[in-house]
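A short worksheet on the structure shown next.
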Number of protein chains: 2
Amino acid sequence: MKRKRSYSRATHHALSILGSMIRIGRTERNMTAQELADRAGISRTTLHNIEKGAPGPEIGTVFEVACLVGVPLFDTDNRVLALQDARLREKLTLMPKAVRPVTQEVDDDF
Amino acid sequence: MKRKRSYSRATHHALSILGSMIRIGRTERNMTAQELADRAGISRTTLHNIEKGAPGPEIGTVFEVACLVGVPLFDTDNRVLALQDARLREKLTLMPKAVRPVTQEVDDDF
DNA sequence: CGTTAATGACTAATTTAATGAACACAATAA
DNA sequence: TTATTGTGTTCATTAAATTAGTCATTAACG
């Protein structure tokens, strides 16, 4: 089963940006790749892929690394983040739980 | 070797937020989970994990899905994204290519 | 300039995510 | 209500990421 995926330009750019920001953050904090990898609990190889902007790594580890070097993901402040999260989840409860496909309304008497 | 990872609260929140935003975006566009999964070239199960805010999915697929439902990653506009990317990469060339460990400057004659 | 460590690029072995199918349940439309 | 479809979840299989290791190259700094 081939899993070979393709990604849009926007996705590639976003990945590249995030990777660059992480590397810049790490460098600014004078951390070696090994140090940061150890802190994040990942291998130097994986960190290298993350900084390169590879699409493969798990999003959880990437976000964790970003946090470690001070790259703001959605908001720098943790409390704001929690608030935003709660608000979004609340909004979700008010939305339809299931999306019905648009009924084609067959109109074959023309 | 068990890999059992742990993630900071900030990471969990960011994941949860992104997942919620994706689900909201999908619902607002009246897309079923299957539709979006098909467009992104992933399974419905994986999409479900993404919307749930699971740390496991690949960052590339998450970003791709986010783009498909109009969730702004760093900037909505693709051109701005490209510009930002180029600027960051340029900044990187001006930064030290390697981080040297802080020389402890042993000061044992006290 | 020379030393030394960081980084980049591979490898093979292990661990994990992605998948598709299955099922129960919820929610919508007729 | 009844029928139909979307969603949440689990599970075995398969494909891919992660890992540790080594090596060559590069860059920092005395």
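Throughout, protein chains are lettered first and strands after them, A, B, ... in sequence-line order, and every chain is numbered starting at 1.
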Just to be sure I understand the rule, does B/G60 reach a base, reach only the sugar-phosphate, or reach nothing, if contact means heavy atoms closer than 4.0 Å? nothing
Considering just the side-chain nitrogens and oxygens of B/R26, establish if one lies under 4.0 Å of OP1 or OP2 belonging to D/dG6. no
Respond yes when some side-chain nitrogen or oxygen of A/R44 is under 4.0 Å from OP1 or OP2 of D/dT22, and no when none is. no
Expressed in angstrom and rounded to an integer, what is the separation of [X] atom [atom1] from [N] atom [atom2]?
X: A/K52; N: D/dA17; atom1: NZ; atom2: C1'; answer: 13 Å
X: B/K97; N: C/dT7; atom1: NZ; atom2: C1'; answer: 12 Å
X: B/N30; N: D/dT5; atom1: CG; atom2: P; answer: 17 Å
X: B/E35; N: D/dT7; atom1: CD; atom2: C1'; answer: 14 Å
X: A/I50; N: D/dA17; atom1: CD1; atom2: C1'; answer: 11 Å
X: B/N49; N: C/dA18; atom1: CG; atom2: P; answer: 7 Å
X: B/M31; N: D/dT7; atom1: CE; atom2: C1'; answer: 16 Å
X: B/R100; N: D/dA27; atom1: CZ; atom2: C1'; answer: 7 Å

Applying side-chain contact (heavy atoms from CB on, under 4.5 Å) to B/L88 and not counting sequence neighbours gives A/I17, A/S20, A/M21, A/I24
Across all chains, not counting sequence neighbours, the side-chain contact (heavy atoms from CB on, under 4.5 Å) partners of A/R39 are A/M31, A/L68
Taking the nucleotide of DNA chain D with the nearest heavy atom to each, does A/L47 or B/V99 sit closer to the 5' end? A/L47
Quick one: on DNA chain D, does B/Q34 or A/G56 contact a more 5' nucleotide (nearest heavy atom)? B/Q34
Before you tell me yes or no, could you show the steps for B/R5 and A/E58 under side-chain contact (heavy atoms from CB on, under 4.5 Å), namely the whole-Å CA-CA distance, both residues' side-chain angles and the distance that decides it to 0.1 Å? CA-CA 11 Å; B/R5 282 218 191 73; A/E58 301 176 20; 3.9 Å; yes
Of the nucleotides [options], which one has an atom closest to the side chain of [X]?
X: A/T45; options: C/dA6, D/dT7, D/dA20; value: D/dA20
X: B/E58; options: C/dA6, D/dA16, D/dT19; value: D/dA16
X: A/S43; options: D/dA20, C/dT7, C/dA18; value: D/dA20

Looking at B/R89 and A/E51, is there a salt bridge between them, counting it only when a charged N and a carboxylate O are closer than 4.0 Å? no
The residue, B/T46 or A/H48, whose nearest nucleotide of DNA chain C is more 5′ is A/H48
DNA chain C: 5'-proximal contact among B/P57 and A/R23 (nearest heavy atom): A/R23
Donor-acceptor pair, A/T46 side chain versus A/I42 backbone, under 3.5 Å? no
